[in-house]
Enquirer: 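There's a structure below that I have some questions on.
These numbers come from the heavy atoms of this one structure, side chains and all, not from hydrogens, waters or symmetry mates. Indexing begins at 1, ligand by ligand and atom by atom, following the structure's order.
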Amino acid sequence: MDLGIAGRRAIVCAASKGLGRGCAMSLAREGVAVTIAARTPGPLEQTADDIRTATGSQVTTVCADVTTEAGREALLASCPDPDILVNNAGGPPPGNFRDWDRDDWMAALNANMLTPIELIKRTVDGMIERRFGRIVNITSGAVKAPIPILGLSNGARSGLTGFIAGLARETVQHNVTINNLLPGIFDTDRLVGIIQGAVEAQGITVDQARAARRATIPAGRFGDPEEFGEACAYLCSRQAGFMTGQNVLIDGGAYPGTY
Ligand code: NAP
């Protein structure tokens, strides 16, 4: 299917690795000019080269922390009027809420709620004027099925989800949609870190830790960031203009509920 977005411009946050990279690659494959951001220059430039080689699309890099005002300024200076915005940042650390102070909560809220809202605020009115916009927020399956040790993530991402539920109904009349993509367990660097944590905490091998996690997924495997990117590209397509305010799970069937 031709997604009808060739020639559009996209900002993809936190995109040198993992899910963000998957989204940038899929959008570029559709002929979208992508501006990708991450904090570490080496992997960012490598990913930009990989995307250019694989797709032939224009790729611009912005080495920036999107959770800072300066980082967002740099990103928007590079791509001031995007048609597509993919919001993403690193996830908060796990832990026990008794150990978290106000600064821990503010950091999680800043990264996973206020940063996407700020980037939407800075770009959505231009999209409305141009009568085309697609915004995708990478959140987490934890929004629908909270993970107890990820309380910072459960809380901050739920705040974003509530805000988006309202805004998405205001912008859709202008052909500007806003949806959330909820990853289950994907095989990215973040998973490597989580597996390493389980190895150290439980005294098991990496293979055992991976097998235990895999066993929680009805698909019997981890997600591939490429699959995530393809779903993101569909949400950004011309055809998806009637789909807004949704929380789309991509988790290999892990969420057990009917709805
Ligand atoms: P990942 O493989 O570790 O990649 C994270 C990417 O984000 C890297 O490119 C990283 O580059 C960049 N990044 C992190 N913080 C940034 C910041 N402040 N500013 C700019 N770039 C930043 O992680 P992932 O698995 O793709 O996860 C992406 C998001 O999905 C996270 O919020 C994660 O919690 C959430 N999630 C992931 C899964 C999963 O299974 N993978 C499941 C549920 C939710 P630099 O470090 O160089 O900046």
Enquirer: Can any side-chain N or O of N137 pair as donor or acceptor with the backbone N or O of T139 at less than 3.5 Å?
Expert: no

Enquirer: Taking only heavy atoms of S16, which atoms of ligand 1 are found under 4.0 Å from at least one of them?
Expert: 8 (C), 9 (O), 11 (O)

Enquirer: If we set the cut-off at 4.0 Å for heavy atoms, which region of R157 has an atom near ligand 1: side chain, backbone, both, or neither?
Expert: side chain

Enquirer: Does the N247 side chain pair with the main chain of N180, one donor and one acceptor, at a distance under 3.5 Å?
Expert: no

Enquirer: Within 45° of the six-membered ring axis of F222 and under 6.0 Å from that ring's centre, is NZ or CZ of R213 located there?
Expert: no

Enquirer: Please report whether ligand 1 has a polar contact with N112, defined as an N or O pair separated by less than 3.5 Å (distance criterion only).
Expert: no

Enquirer: Heavy atoms only: which of R190, R72, R21 lies closest to atom 3 (O) of ligand 1?
Expert: R190

Enquirer: Can you check whether D104's main-chain N or O pairs, donor with acceptor, with D101's side chain at less than 3.5 Å?
Expert: yes

Enquirer: Could a heavy atom of T139 be found less than 4.0 Å from some atom of ligand 1?
Expert: yes

Enquirer: With a 4.5 Å cut-off on side-chain heavy atoms, are R190 and K17 touching?
Expert: no

Enquirer: Counting heavy atoms only, which part of A89 comes closer than 4.0 Å to ligand 1: side chain, backbone, both or neither?
Expert: backbone

Enquirer: Less than 3.5 Å between some nitrogen or oxygen of T188 and one of ligand 1, yes or no?
Expert: yes

Enquirer: Heavy-atom contact check, 4.0 Å cutoff: does G141 meet ligand 1?
Expert: no

Enquirer: Where the closest heavy atom to atom 39 (C) of ligand 1 is concerned, which of F222, F186, F228 has it?
Expert: F186

Enquirer: Is there a side-chain contact between V192 and Q196 in this structure, where contact means two heavy atoms from C-beta onward sitting under 4.5 Å apart?
Expert: no

Enquirer: Is any NZ, NE, NH1 or NH2 atom of the basic residue among R221 and E227 found under 4.0 Å from an Asp or Glu carboxylate oxygen of the other?
Expert: yes

Enquirer: Applying a 4.0 Å heavy-atom criterion (strictly less than), which segment of I138 is in contact with ligand 1: side chain, backbone, both, or neither?
Expert: side chain

Enquirer: Evaluate the side-chain proximity of I138 to F228: yes if any heavy-atom separation is below 4.5 Å, no if none is.
Expert: yes

Enquirer: Please say whether V66 places an N or O atom under 3.5 Å from an N or O atom belonging to ligand 1.
Expert: yes

Enquirer: Is it the case that the side chains of T47 and R21 hold a donor-acceptor pair, with the cut-off being a distance below 3.5 Å and no angle test?
Expert: yes

Enquirer: Mind checking whether A64 contacts ligand 1 via backbone (N, CA, C, O), side chain (CB onward), both or neither, at a 4.0 Å heavy-atom cut-off?
Expert: backbone

Enquirer: Just let me know how N88 lines up against ligand 1, side chain, backbone, both or neither, with a heavy-atom cut-off below 4.0 Å.
Expert: side chain

